[in-house]
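Throughout, protein chains are lettered first and strands after them, A, B, ... in sequence-line order, and every chain is numbered starting at 1.
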Amino acid sequence: MEKTYNPHTVEDKWYHTWMSKGLFTSKPDERDPYTILIPPPNVTGVLHMGHMLNNTIQDVLIRKARMNGKNACWVPGTDHASIATEAKVVAMLREQGIKKSDLGREEFLKYAWEWKEKYGGIILEQLKKLGASCDWERTQFTMDEHYYRAVIRVFVDLYNKGLIYRGMRMINWDCEAKTALSNEEVIYNEAGESSIMYSVRYEVENDKNGIIIATQRPETIMGDVALAVNPMDERYKHLIGKIALVPFINRRIPIIGDAYVDKEFGTGCLKVTPAHDVNDYEIGQRHQLPVIDTLSADGTLNEKCELPEFYGIDRFAARKLIVKKMHEAGILVEEKTFTTKIGRSERTNTVVEPRLSEQWFISMKAFSQRALEAVENNEIKLHPAKFKNTYRHWMENVKDWCISRQLWWGHRIPAWYFPNGEMIVAETIDEALALAKKKNPDIKREDLRQDDDVLDTWASSWLWPVAVFDGFENLDLKTGKIAKKTQDLAYYYPTNVLVTAPEILFFWVARMIIAGYEYMGDMPFKDVYLTGIVRDKQGRKMSKSLGNSPDPLLLIEKYSADGVRAGMLFSSPAGNDLLFDESLCEQGRNFTNKIWNALRLIKGWEVTNQTGDKGNQIAIEWFDSRLSQVLSETNDLFEKFRINEALMSIYKLIWDDFCSWYLEMIKPAFGQPIDRETLNQTIHFFDTLMRLLHPFMPFITEEIWHLLDDKNKEDSIMLASWPKANTVNNELLSIYGAAQAIIIQIRNYRKTKNIPQKEMLALYTSNQNTDLSECYPIIMKLCNLSAIEGKTNNIPNAYVFVEGETEYYIPMSNDIDLEAEYERINKEIVYLEGFLKSVTNKLNNPGFVSKAKLEIVEMENKKKADAELQIALLRKQLISLQSN
RNA sequence: GGGAGCAUAGCUCAGCUGGUUCAGAGCAUCUGCCUUACAAGCAGAGGGUCACAGGUUCGAAUCCUGUUGCUCCCA
């Protein structure tokens, strides 16, 4: 056997074996299902550390469930990610010198699909390297034909139910890409940008002074519909209700009072331009003001601005122009430079324009109620639970959801418009035409024009838990209910766990819950495990632009998939950010090597049919108990979704308890054989440990499992059963704990006195009739003792220590350093006296004795007695040292 | 501006209904060791006023109030 474990061939071998045997596939049967749906990564994505963490956790859960005898089904897939993908395709085309607008919709989509076919599957392929046991035959894409149909049908259904409506809304508009942007796609430079505040005088009817407003955007004044001041502002109070005139075009607009206006900011007087600012829009709504939209989609001024010289002029050129014009007219009172935050498009970096446009909305309030309750009363559990607060806050203040996007890549909104402006919502153009003909028999197919917009990505992924099982095929549009569940849907829904990032708790998780209750009348999943964000060592979020994210595949190359999986899990409690450090993967890799070497040790032993010594028997009994103990702990931790702690306890069980203690205890002397019984037990333990570890480190556990004994080649540890705990012998564990303490004392003695392990020592004890005597063979073996004997007479030159109520003596050679011994024992006594004092104080406190629980008081009494005894024993030893 | 969360060893974090799981784990550090499975290792050690200030209590890392510092979400 190789001295170090070589994972590369092993990992490839087993992944292929698992795949070719179809061990990942799941079909409904009589077993209980255990289902996880992957949060579909964007097709544009390549695997990053966040995916690594997220999918490792899912794989751990699914493999554990499979071993528990569940019918485990992990459904993989990808999200079409409308904005992100479209941006990628546009950029790719641009490099080839092709403009999206020149292509037209059909042509562009062809390119987009090509792109998707080529790159869309990369991330899933990468997941295989990680060992992900997804049922790849179920791989889904949110724009698969059946999925597309589902999204459209749900749109029609919600429209029929009156939950979808069209409305005006201020959106973030990218004038270059000519598309709406979500808030997330608008980037603000933290430091701010330099801008100019212009103070402009407006004439006011019947007031010779006029009024001075402040604005950063003078090119929008032609869209003004009012001026606003704070009603409490003494300077302007008298002007409220009067009429001002918009410069150059002399539109008559009212001066209104609105508390929104900040008296301190600018001149304290605000021009209200509802079409071009969110706050202005809201003021306009409050005061029933009209909306005058002077900007076209490409950012140029249009005829609404009433000044022909500005038609078709870009907004920034228009700004310069109007400033000049105002200057000439003598109404520009002041120009002042200041710093402000300007929103820019993430994609094109152009200044984002607030723009009023007609959009589609889902009204959320009514049908999100059930989703709120479900989390409130723990029908759906969030892990960690602290996210409940966040969830509640959002759900209680839920706003209507704008679902239309001015893009081509995505699910096109199924609304058809007639020439007269009327509209019909239907799944297909044929249905739309049929409906249209009822209203107007003369209408023809060519007369119908489909809405140009597509749906928000989340408006497809929120259907994921139902759509991956084809649930919407049977959505009856007459009743708005799923008429019949497919076999898969009936079996796998609700799924068990969703593992995802907290930042999409609302975008995705909450909406899946809403859709789940709306269409299935049931939750989409029972538990939600929220992972943290993977950050670098300095706490910065890992990102491409910072270049601080390691390439996961290179990491796997370097540390093996098992090593990286362990590394990801070692320090990532649910919901806490993970400060990723490559050394964690190293730790994981070292662990695989440790396991490998434990196998090498066992494999190197010759077997004898003679019976083993007593020490082996007690070692076996002890480890069996310890194993059962950790197993119950682990099961408990799994139930609480404390995955990292589960791994850590198994890690310690294998490294410390099994390798450092157990194997050392039973290890035969060099060249000696081991008895068959002990070897068989040891192999059995090793087998159990591998099964315990398998969900975390699937590859090496499979390899070792096969090498341990003659397994049937067809078997896989993937399908082996999760270990069952035996009864834990607590008494034995505590006896063993004492034995360990003694061993450590003796090792310590060797260390401080520089006595090599090879040199045999003798140990004397004041009390030989303890339960501990069972462990003597082990203590002798691990400490290389010649004997452990009862002390009959005084041992003059001895190193002494106290464990429990017993004194132990190691006779020392003549060059004993009395001084040092004296000091060591004295130090011990001082510590114990301090301890005793605090315990005594407590017991002397009448409040404590009368009010504390009885067990607590008893415990303190015992502590006191123990401490007193130990002090007495050490004092005795001091005296004997002195008499020396 | 509104909301939520966090602060414990050098780092990452456990610490449940206040009391032997009470100050703990892993990593890192230091000191010995190439001891026949493993130096990707073994054996041992050191290290914390539990952010600060009050309060409740016989008893507070834990409960309450305030202060400071950080993080996230929404606007």
Side-chain angles (χ1 to χ4, degrees), chain A residues 1-5 183 278-279 282 384-394 396-399 502-507 532-533 535 537-539 541 559-560 563 567 570-573 575-581 583-605 636-637 640 642 644-645 647-649 651-652 655-656 659-660 663-664 667-672 743-752 754 756-758 782-784 838-839 841-860 862-863 866:
Chain A
M1 280 177 80
E2 297 286 329
K3 195 169 172 183
T4 48
Y5 171 60
N183 288 336
V278 180
N279 295 308
E282 280 169 15
K386 67 180 178 187
F387 285 109
K388 255 175 97 168
N389 291 331
T390 324
Y391 181 88
R392 179 191 316 115
H393 187 249
W394 190 77
E396 282 173 350
N397 298 289
V398 65
K399 300 208 173 60
E503 62 252 41
I504 53 173
L505 188 57
F506 311 127
F507 289 137
I533 297 166
R535 296 172 181 279
K537 251 168 128 179
Q538 285 123 55
K541 195 169 171 172
Y559 300 108
S560 79
F570 270 135
S571 87
S572 67
N576 271 40
D577 288 359
L578 174 143
L579 271 69
F580 181 77
D581 184 345
S583 66
L584 291 171
C585 296
E586 199 183 337
Q587 194 186 342
R589 181 206 53 185
N590 293 354
F591 187 38
T592 60
N593 198 45
K594 182 73 183 175
I595 295 167
W596 181 252
N597 277 296
L599 181 71
R600 281 182 63 214
L601 174 68
I602 291 171
K603 284 279 152 192
W605 288 336
D636 186 51
L637 290 168
K640 293 172 176 154
R642 302 175 78 144
N644 64 318
E645 289 178 53
L647 172 61
M648 187 51 74
S649 62
Y651 174 85
K652 284 194 280 189
W655 198 307
D656 298 339
C659 294
S660 295
L663 288 180
E664 291 300 329
K667 184 160 124 185
F670 181 63
Q672 298 297 305
I743 292 167
I744 286 169
Q745 287 270 18
I746 299 171
R747 282 176 176 167
N748 225 330
Y749 166 71
R750 280 189 188 276
K751 174 103 177 159
T752 52
N754 248 326
Q757 177 72 13
K758 279 179 188 151
L782 294 191
C783 294
N784 193 19
S838 80
V839 175
N841 281 347
K842 213 173 195 178
L843 286 166
N844 287 344
N845 179 347
F848 173 72
V849 180
S850 62
K851 290 189 184 174
K853 274 182 283 181
L854 200 65
E855 313 91 91
I856 305 285
V857 179
E858 270 172 10
M859 195 80 74
E860 290 300 309
K862 179 158 190 319
K863 277 201 256 180
D866 286 353

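Minimum interatomic distance between Lys3(A) and Trp596(A) (heavy atoms only, all atoms of both residues): O-CD1, 4.0 Å.
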Protein-to-nucleotide contact annotation, 5' to 3' order, nucleotides 21-36 of chain B [B base; S sugar-phosphate only; - none; under 4.0 Å, heavy atom]: ----SSS---BB---B
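For Lys652(A), the salt bridge (Lys or Arg N to Asp or Glu O under 4.0 Å) test picks out no residue, with sequence neighbours left out. By the salt bridge (Lys or Arg N to Asp or Glu O under 4.0 Å) test, Lys388(A) pairs with no residue at all, sequence neighbours left out. The side-chain hydrogen bond (donor to acceptor under 3.5 Å, both in side chains) check on Lys863(A) picks up Glu860(A), with sequence neighbours excluded. Qualifying side-chain hydrogen bond (donor to acceptor under 3.5 Å, both in side chains) partners for Arg589(A), counting only residues two or more places apart in sequence or in other chains: none. Evaluation of the side-chain hydrogen bond (donor to acceptor under 3.5 Å, both in side chains) rule for Asn389(A) yields Arg392(A) as partners, not counting sequence neighbours. A search for side-chain hydrogen bond (donor to acceptor under 3.5 Å, both in side chains) contacts involving Ser583(A) returns Asp581(A), not counting sequence neighbours.
Atom P of C11(B) sits at a distance of 13 Å from the matching atom of G48(B), rounded to the whole Å.
The CD atom of Glu586(A) sits 13 Å away from the C1' atom of G41(B) (whole-angstrom rounding).
A stem is defined here as three or more consecutive Watson-Crick or G-U pairs, each with both distances under 3.5 Å; for RNA chain B these stems are B:1-7 with B:68-74, B:10-13 with B:24-27, B:29-33 with B:41-45, B:51-55 with B:63-67.
For Arg589(A) and A40(B), the shortest distance from a side-chain N or O to OP1 or OP2 is not below 4.0 Å.
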Pull out every protein N or O sitting under 3.5 Å from an N or O of nucleotides 60-64 of chain B, one pair per line with the distance.
none

Look for any protein N or O under 3.5 Å of an N or O in nucleotides 6-10 of chain B and output each such pair with its distance, or none.
none

Under-3.5 Å N/O pairs linking protein and nucleotides 45-47 of chain B:
from	atom 1	to	atom 2	distance (Å)
A45(B)	OP1	Asn748(A)	ND2	3.3

Kindly list each side-chain donor-acceptor pair under 3.5 angstrom involving residues 847-855 of chain A, sequence neighbours excluded, with atom names and distances?
from	atom 1	to	atom 2	distance (Å)
Ser850(A)	OG	Pro846(A)	O	2.8
Ser850(A)	OG	Gly847(A)	O	3.3

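Each of G19(B), A4(B), A37(B) was ranked by its minimum atom distance to the side chain of Asn597(A); first place goes to A37(B).
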